[in-house]
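These notes concern the structure reproduced below.
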Amino acid sequence: MKERDVIAVDGPGAAGKSVCAEVAKRLGYALLDSGAIYRTLTLLVLRSQIDPHDVESVARLIKCNLGCISFWNNQLIFSGQPVRDEIRTPQISALVHHIAKIPAVRKLVVPLQRSFGAEDRLDIIAEGRDIGSVIFPEARVKIFMTADPSIRALRRFDQYREKDPAYAGTLDQVRNELRARDMEDTTRPESPLIRLPEAVFIDSTFMTKQEVLDKMLQVCYMRVAV
Ligand code: CDP
């Protein structure tokens, strides 16, 4: 039986990884947005009203409610509803790295990610922080994508304003949010974001979305041929 193809894309927030959705479409692959899982768990914590910094209570809550999270038709489902933009708020962005750094939480989420599309042996492109290092170390293609922090902050600021015209945050606040997340994501003891030596490096600082897309497709096709 043919092995399913896995493309792993890791990198910090607002680095340009959202292009993965278009890459997936072009290749006919399913897309796993692993950050969406951590964001959904953060939403769960916020709705529960427990102290998000009480590590044991958070881990217990998530363990008991993990069954509320699933995939249907490659779409992330939470409590029977498709997960949409409600997980992309500044409030969740400010908290998600605290939830994602809890080892017990990560342990629970690993099998969920590995099960994505596995039953149907779907080819997938998966994006996040530990995809190439922990979730799919066997991935055929690994990409590490980043961009200058000031450009990333500007991109995220524009996204917030586009989604919510009443958004009142400042560029400085967004820059600080990303900086705090970068710090936590790269220094946590459990599956930190790292640049693997075998990963193709893409710096999207001066690239348009189209250029990032072309580059990613080129990398994926090139690796198909060898
Ligand atoms: O969209 P953005 O790039 O800002 O972030 P995301 O991919 O939605 O991930 C949100 C947060 O989830 C990250 O800052 C990490 O703290 C966590 N995360 C993680 O720890 N491991 C992953 N594989 C994916 C996300």
Side-chain angles (χ1 to χ4, degrees), residues 6-21 31-46 52-53 55 58-59 62 69 76 78 83-116 124-137 139 142-149 151-160 162-163 169 173-196 199 202 204 209 212:
V6 178
I7 295 166
V9 184
D10 290 300
K17 301 194 299 301
S18 60
V19 168
C20 289
L31 172 72
L32 171 63
D33 173 359
S34 64
I37 300 175
Y38 289 103
R39 286 175 176 275
T40 302
L41 295 176
T42 306
L43 181 65
L44 170 72
V45 171
L46 282 172
H53 299 285
V55 170
V58 168
I62 289 175
I69 296 188
L76 185 59
F78 174 49
V83 174
R84 303 212 189 279
D85 272 357
E86 67 271 27
I87 58 165
R88 313 227 172 253
T89 62
Q91 194 192 12
I92 289 188
S93 295
L95 191 62
V96 60
H97 52 287
H98 292 295
I99 306 301
K101 76 175 177 189
I102 303 173
V105 170
R106 299 199 76 80
K107 213 164 274 166
L108 289 167
V109 174
V110 168
L112 184 64
Q113 293 174 81
R114 291 200 180 131
S115 72
F116 177 74
I124 62 169
I125 176 163
E127 56 135 311
R129 303 293 186 284
D130 60 345
I131 303 298
S133 56
V134 176
I135 307 300
F136 296 114
K142 294 182 187 181
I143 294 173
F144 184 90
M145 190 181 301
T146 191
D148 186 86
I151 293 292
R152 292 195 282 121
L154 204 54
R155 287 176 186 164
R156 185 50 48 95
F157 183 60
D158 287 344
Q159 282 166 1
Y160 284 152
E162 207 174 291
K163 274 184 196 133
Q173 282 170 337
V174 176
R175 198 178 292 128
N176 290 338
E177 170 220 300
L178 278 175
R179 193 181 297 136
R181 222 139 51 83
D182 284 355
M183 177 60 81
E184 198 85 73
D185 290 347
T186 52
T187 59
R188 67 184 176 216
E190 187 78 21
S191 34
L193 169 66
I194 48 167
R195 181 180 163 188
L196 296 167
I202 299 180
S204 73
K209 264 194 174 168
V212 177

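First listed ligand is number 1; within each ligand, the first listed atom is number 1.
- Interface of Ala14 with ligand 1, defined as ligand atoms under 4.0 Å from a residue heavy atom, comprises 3 (O).
- Taking CG of Asp185 as the reference point, atom NE2 of His97 lies at 7.5 Å (rounded to 0.5 Å).
- In terms of protein heavy atoms, atom 3 (O) of ligand 1 is closest to Gly13 CA, 3.1 Å.
- Protein heavy atom nearest atom 1 (O) of ligand 1, with residue, atom name and distance: Arg156 NH2, 3.5 Å.
- The structure places CD1 of Ile143 at 12.0 Å from NZ of Lys17, a figure rounded to the nearest 0.5 Å.
- Atom 10 (C) of ligand 1 has Arg181 NH1, 3.4 Å as its closest protein atom, hydrogens excluded (heavy atom only).
- Of all atoms in ligand 1, listed by their number and element, those nearer than 4.0 Å to a heavy atom of Val96 are 10 (C), 11 (C), 12 (O).
- Side-chain N/O atoms of Ser18 and Arg155 include no donor and acceptor closer than 3.5 Å.
- For ligand 1, the polar-atom distance check against Tyr38 finds no nitrogen or oxygen pair separated by under 3.5 Å.
- Counting atoms of ligand 1 from 1 in the listed order, those under 4.0 Å from a heavy atom of Asp130 are 21 (N), 22 (C), 23 (N).
- Not one N or O on the side chain of Lys142 forms a donor-acceptor pair closer than 3.5 Å with the backbone of Ser133.
- The distance from atom CD1 of Ile102 to atom CG of Leu108, rounded to the nearest 0.5 Å, is 10.5 Å.
- Remark: Leu43 CG to Thr89 OG1 distance equals 8.0 Å, nearest 0.5 Å.
- Residue-ligand proximity, Asp185 to ligand 1, at heavy-atom distances under 4.0 Å covers atoms 13 (C), 14 (O), 15 (C), 16 (O).
- Residue contacts with ligand 1 for Lys17 involve side-chain atoms from C-beta outward but no N, CA, C or O (heavy atoms, distance under 4.0 Å).
- Within ligand 1, the atoms closer than 4.0 Å to a non-hydrogen atom of His97 are 16 (O), numbered from 1 in the order shown.
- Checking side-chain atoms of Asp10 against main-chain N and O of Phe144 turns up no donor-acceptor pair under 3.5 Å.
- Each of Lys101, Gln91, Arg181, Glu184 was compared with Val96 under the side-chain contact (heavy atoms from CB on, under 4.5 Å) criterion, and only Arg181 meets it.
- Nearest non-hydrogen protein atom to atom 8 (O) of ligand 1 is Arg39 NE, 2.6 Å.
- For Arg188, every heavy-atom contact with ligand 1 shorter than 4.0 Å involves the side chain, none the backbone.
- With hydrogens left out, the protein atom closest to atom 24 (C) of ligand 1 is Ser34 OG, 3.3 Å, a heavy atom.
- The protein atom (non-hydrogen) at minimum distance from atom 25 (C) of ligand 1 is Gly35 CA, 3.5 Å.
- What sits closest to atom 5 (O) of ligand 1 on the protein, heavy atoms only, is Arg129 NH2, 3.2 Å.
- Distances between N or O atoms of Gln113 and those of ligand 1 include no value under 3.5 Å.
- Atoms of ligand 1 lying under 4.0 Å from any heavy atom of Ala100, numbered from 1 in the order shown and given with element: 16 (O), 17 (C), 20 (O).
- Side chain of Arg129 to main chain of Leu193: no donor-acceptor pair is present (N/O by atom type, distance under 3.5 Å, no hydrogens or angles).
- Residues Val105 and Ala59 share a closest heavy-atom pair of CG2-CA, 4.2 Å.
- Rounding to the nearest 0.5 Å places CD1 of Ile131 at 8.0 Å from CD1 of Ile124.
- Near Gly128, meaning under 4.0 Å from any of its heavy atoms, are these atoms of ligand 1: 23 (N), 24 (C).
- A salt bridge does not link Asp182 to Arg156: none of the charged nitrogens lies less than 4.0 Å from a carboxylate oxygen.
- With respect to atom 21 (N) of ligand 1, the closest heavy atom belonging to the protein is Arg106 NH2, 3.0 Å.
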